[in-house]
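Here is the structure we will look at, set down as structure tokens.
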There are 2 protein chains.
Amino acid sequence: MNPPPESLRADAQQNRSRILDVARKALTADPEASLNSIAKLAGVGPGTLYRHFPNRGALVLEIYRQEIQQMVDLAPALIAEHPPLIALRLWFDRMAYYGRIKHSVADALHAVMNESIQGETYGPMVGAIGQLLRAGEQAGVIRQGVDAEDLLLLMGFLWRTPPGHDGEVRTERLLDLVVESLKAPPSA
Amino acid sequence: MNPPPESLRADAQQNRSRILDVARKALTADPEASLNSIAKLAGVGPGTLYRHFPNRGALVLEIYRQEIQQMVDLAPALIAEHPPLIALRLWFDRMAYYGRIKHSVADALHAVMNESIQGETYGPMVGAIGQLLRAGEQAGVIRQGVDAEDLLLLMGFLWRTPPGHDGEVRTERLLDLVVESLKAPPSA
DNA sequence: ACCTGAACACCGTTCAAGT
DNA sequence: ACCTGAACACCGTTCAAGT
């Protein structure tokens, strides 16, 4: 799927793809694997790795890009074979699959930290949201049975909104959408 | 808000909070600031920093915990002062504020990488989602005007779902919820 | 044109010595 | 009981020397 540029010499192309293969496995196993250790596993000198990928980010990015490319190619394929709503659902299912097995190296890089943070903060945050939901339920303005953890998870987009004015507008729109979906149906 | 444990000697308490203050600023400015440099800025030896926080994660976690605590305390305060739906909205507004200024150090740690990844993958992913949405619009089963970027942002919870069976169930439930909200209203 | 691998500055982490 | 700071193994990165 992203063949190494043909402009490279044959041995350079081989090195490049062997580095990528090794790096994907090594970084999936241990997100903090050192670049020197990856070079050694790939059987090249550290300088060779740096010739192809000037820094850690460039290497991770290339691995990530290959995975993204798979997702992008999948969309038209699903549209061709399924009704639109099914296609959309299947596409997001695949995205969920990547998230689940942490096959995405970019994501895996954060896993260690997220785990420790999760344990200490998840509970209190869910508790706070639970209070807000219950207050609304008792007042009859929020529908029954909304799960606080679900809502926290869904609200995670807040942490990934692009900076700047556009991001704020988008955030507002999404917040409206979510809050709207929480409202209790008008009573009969 | 999280005063250093009283069991610590007075000078240790001072060191601990000075380290946290310095670390919050330093890590916000540069997510990759070294622990040795933080120790130096705080005017303590590296050993002292490690005595209080055995690794980088522990330090980041403590900073993060202080910020979470603010959010948790805010919930009952808002409930006391506003109608429930307003309280809920204000709380998430505050959460959005943290996301926006990247004041969360945990988040800032990922910023560098996210930026480069963003540029290269955001476009193609939005394009793929756009295709899926348009296919549904043309078939009349997805409502008009849903923004592909909005949807990608909202779907980000997929990357943060906890592993294991519970996570899968929750993911399914949220996917259902989102896909449901995309459906076109039954035509008159 | 590309690769190797020694070398450099710096990192996280430890621990003997101090107070 | 806590702090200091030298020291260690290792990291990312560079670059002269090779083919």
Side-chain angles (χ1 to χ4, degrees), chain A residues 3-24 26-27 29-64 105-106 108-113 115-116, chain B residues 3-24 26-27 29-63 105-106 108-113 115-117:
Chain A
E6 298 176 18
S7 56
L8 288 180
R9 231 171 49 183
D11 58 340
Q13 288 185 36
Q14 275 202 351
N15 279 334
R16 194 188 135 91
S17 30
R18 196 162 55 248
I19 289 170
L20 279 170
D21 279 351
V22 168
R24 176 170 20 242
L27 290 176
D30 173 15
E32 293 176 354
S34 78
L35 297 191
N36 280 348
S37 75
I38 289 172
K40 191 166 295 182
L41 279 174
V44 301
T48 302
L49 195 155
Y50 276 84
R51 163 169 271 266
H52 288 286
F53 309 100
N55 52 54
R56 186 189 196 83
L59 177 60
V60 170
L61 180 58
E62 185 53 32
I63 295 171
Y64 193 73
V105 175
L109 272 171
H110 311 161
V112 176
M113 149 161 300
E115 270 170 38
S116 55
Chain B
E6 296 176 19
S7 57
L8 289 180
R9 230 168 54 183
D11 57 342
Q13 288 187 35
Q14 276 202 350
N15 279 334
R16 195 187 135 90
S17 30
R18 195 162 58 247
I19 289 169
L20 279 170
D21 279 352
V22 168
R24 177 171 16 244
L27 289 176
D30 172 15
E32 293 177 353
S34 78
L35 298 191
N36 280 347
S37 74
I38 290 172
K40 190 167 294 182
L41 278 174
V44 300
T48 302
L49 194 156
Y50 276 84
R51 163 169 270 266
H52 287 287
F53 308 100
N55 52 54
R56 188 189 195 84
L59 177 60
V60 170
L61 180 58
E62 184 54 33
I63 295 170
V105 175
L109 272 172
H110 310 161
V112 176
M113 147 161 302
E115 270 170 38
S116 55
I117 285 178

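Lettering follows sequence order; numbering is per chain, from 1.
Protein chain B contacts DNA chain C from C/dC11 to C/dC15, reading 5' to 3' and using non-hydrogen atoms of the protein with a distance under 4.0 Å.
Across all strands shown, B/S34 has heavy atoms under 4.0 Å from sugar-phosphate atoms exclusively, and none from any base.
Nearest heavy-atom pair across B/A42 and B/V22 is CA-CG2, 4.0 Å. In terms of heavy atoms, A/A33 sits closest to A/A26 at CB-O, 4.1 Å. Residues A/R56 and A/L27 come closest through the heavy atom pair NH2-CD2, 3.8 Å.
Using a 4.5 Å heavy-atom threshold, the side chains of B/V44 and B/R16 count as separate. A heavy-atom distance below 4.5 Å is found between the side chains of A/L20 and A/F53. With a 4.5 Å cut-off on side-chain heavy atoms, B/L35 and B/N55 do not count as touching.
Pairing for D/dG18 goes to C/dC2, judged as Watson-Crick or G-U wobble with the two contacts each under 3.5 Å. D/dA9 is unpaired under the Watson-Crick or G-U wobble criterion, no partner having all donor-acceptor distances under 3.5 Å.
Mapped onto DNA chain C by nearest heavy atom, A/V44 and A/N36 fall at different nucleotides, with A/V44 at the one closer to the 5' end. Along DNA chain C, the nucleotide closest to A/H52 and the one closest to B/N55 are compared, and the more 5′ of them pairs with A/H52. Nearest-nucleotide positions on DNA chain D place B/D11 closer to the 5' end than the other of A/T48 and B/D11. In terms of position on DNA chain D, the residue among A/L35 and A/G47 whose nearest nucleotide sits closer to the 5' end is A/L35.
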